[in-house]
2 protein chains.
Amino acid sequence: MSAVLKNEDASEEIGTRLKLVRQIFGLTQRELARRAGVTNGAISLIEQNRVSPSISSLKKILDGIPLSLADFFTLNFSPSDNVFFTGEELTEISYDPAISMRMVGRRVKDRALQMLRETYQPGADTGDAMLRHGGEECGIVVAGCLTVTIGVQEKQLNPGDAYYFRSDIPHRFRNQGNEPVILISSNSPPSF
Amino acid sequence: MSAVLKNEDASEEIGTRLKLVRQIFGLTQRELARRAGVTNGAISLIEQNRVSPSISSLKKILDGIPLSLADFFTLNFSPSDNVFFTGEELTEISYDPAISMRMVGRRVKDRALQMLRETYQPGADTGDAMLRHGGEECGIVVAGCLTVTIGVQEKQLNPGDAYYFRSDIPHRFRNQGNEPVILISSNSPPSF
DNA sequence: ATAATGCGTCGAAAATTCTAAACATTGGAA
DNA sequence: TTCCAATGTTTAGAATTTTCGACGCATTAT
C-alpha cells in the first residue's frame, strides 16, 4: 500500500512504474484509457510489463494523467523522512576551515535539490579549479560582500544580490572583504 | 553547430531530440546502432520521426550513448544568458501584499532550479490550499520566526533553521511573530 | 580516375505493440 | 444470496515498429 518507488529497483520496469503512478493519481485503467484515448487493454499489458509501449503511446497515456515524459522518468517516490532541521542539524560538508558549507538534509540519493548555507571567512577563496558536473546553481548573498567569478565574468555581490549559472562553467567564490560572508546557495541536481 | 535544444520547440519530437543528442556525443547512426544492439535503419527512421520507438528500443539506444531515459527527457541545451542579478533585479512574483517573493533570474522554461528570496510580513499566511505539482522544495530562514506546516507536521523555524520536502505534500507558511520573516527557498523543478 | 569506405535512407518481411471485444474476479446493494 | 457494476485480464487481428539487405551519395585512398 505505501508503495515506494525508487530508481534502482524493479520499477525501472516501465509498466510497474506506470501502474504506481496511475494508482497514486487515483485512476483506473479504464478511466486513464478514456482520458488518454487508448484502450484499457493496452494499459493492462503495459503494466504487466508484457509489452514495451512506444513513446507515442506512453506519451498519450501520460497526457491523460497528466504527467510529462520527463517527470515520469524522473519521478521518485522515496519516502521523505525528516522534514525540519535546526541550524545545528545542517551537516557540514566543507573541508576548508575558512569556508563552512552546511547542507540541508542528509546526503541521500534521489534528491532533486541541494541547499547550502555557506559562510566565507575574510580571505576565503574556493580557487577556480572546481568544475562540477552538470546541473545548475543559484545563490543569494545574505551578509557581507562576495566576489563571484563565473567563466569570464566577475562581480561583487552584496546582501540581496544573487547569481544563477550552469554548473559546468568554471566558477570561483572569494571573500575579499573583512567581514564574514553568508551565502545561501542551491544546486540541482545535487553535486555532493 | 551551436545546436540549441529547448523543450518547447520541435525537439519535443523524440527523433529530433535523439539526433541532436547522438550528434552531441559524436556518434554516427551505425556506431550507435552497433553499441546499442539495434540496426542503423531503426535509428534512421526514429530520427526522421517516421516511427515512434518503443521504450525498450529507445532504452537500448540510449544505453549505447550512454544516457538514462530520465536524462534524455530532461536534458536541455539552452544557453545561459545573464548570470548576475542585483537585489533590485530579482523579479517579484507574489500577488499577496503581505508576502514578497523575489525570484533569481527570468521566468524561463528549461531551468533546473528556482530560487526565491521571500519576505513575510507579520501575520502573513500562504493558506494551505496550495499544493504545487511535483518537485522538491528546500528553504533556510534568514530572519524572524516562520511557522511551517508540512503535511501533518508543524514547526517554528528560527534563523538558520531549514526544511526540505516533496512539493506535492500540502504545505503552509505563516509569520505569527511581530517582525518580518526572511526566507530563502529553492525548488526543483521550478514551480512558476 | 577509380575503388573503397562510411554515411544516411529506403522497401519488404519479420517482430512487436495496439485495438476491440470478450472473459474473470471482486465488492457492494437489493 | 443474487444481481449488478466496476475492475483488471486475455485473445485474435489490425496497426506499427524493427530488421535485413540494398541503394545513392559523399569523402578518401590508391
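Note on naming: letters A, B, ... go to the chains in the order of the sequence lines (proteins, then strands), and numbering restarts at 1 for each one.
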Please examine the side chains of B:Leu18 and B:Leu62, heavy atoms only from C-beta on, and report whether any two atoms are closer than 4.5 Å.
-> yes
Heavy-atom side-chain contact between A:Ile99 and A:Thr119 under 4.5 Å = no
Give one of base, sugar-phosphate or nothing for B:Gln48, where a contact means two heavy atoms less than 4.0 Å apart.
-> sugar-phosphate
Assign B:Thr39 to base, sugar-phosphate, or nothing according to its heavy-atom contacts below 4.0 angstrom with the strands shown.
-> base
Whole angstrom is fine here: how far is it from [atom1] in [X] over to [atom2] in [N]?
X: A:Leu32; N: D:dA6; atom1: CG; atom2: C1'; value: 16 Å
X: A:Arg34; N: C:dT19; atom1: CZ; atom2: P; value: 15 Å
X: A:Glu47; N: D:dG8; atom1: CD; atom2: P; value: 7 Å
X: A:Asn40; N: C:dT19; atom1: CG; atom2: C1'; value: 10 Å
X: B:Ile43; N: C:dT9; atom1: CD1; atom2: P; value: 11 Å
X: B:Ile46; N: C:dG8; atom1: CD1; atom2: C1'; value: 14 Å
X: A:Gln29; N: C:dA24; atom1: CD; atom2: C1'; value: 14 Å
X: A:Ile55; N: D:dT17; atom1: CD1; atom2: P; value: 11 Å

For the backbone of [Y] and the side chain of [X], can you confirm whether one donor and one acceptor N or O come within less than 3.5 Å of each other?
X: A:Asn40; Y: A:Gln29; result: no
X: B:Asn175; Y: B:Tyr120; result: yes
X: A:Arg117; Y: B:Ile140; result: no
X: A:Asp125; Y: A:Arg174; result: no

So, does [X] get its side chain near the phosphate of [N], meaning an N or O under 4.0 Å from OP1 or OP2?
X: A:Ser54; N: D:dT17; value: no
X: B:Arg50; N: D:dT17; value: no
X: A:Ser57; N: C:dC18; value: yes

Going by distance alone, is a donor N or O of one side chain under 3.5 Å from an acceptor N or O of the other, for B:Ser56 and A:Ser52?
-> yes
Looking only at the side chain of [X] (C-beta and beyond, no hydrogens), which of the listed nucleotides [options] gets closest?
X: B:Lys60; options: D:dT19, C:dC18, C:dG8; answer: D:dT19
X: A:Arg22; options: D:dG8, D:dT19, C:dC18; answer: D:dG8
X: A:Ala42; options: C:dC7, C:dC18, D:dT9; answer: C:dC18
X: B:Arg30; options: C:dT17, C:dT19, C:dT9; answer: C:dT9
X: B:Val51; options: D:dT17, C:dC18, C:dG8; answer: D:dT17

Below 3.5 Å is the cut-off: list the nitrogen or oxygen pairs between protein and nucleotides 12-14 of chain C, distance only.
none

Who are the side chain to side chain contact (heavy atoms under 4.5 Å, CB included) partners of B:Gln156, not counting sequence neighbours?
-> B:Cys145, B:Thr147, B:Gln176
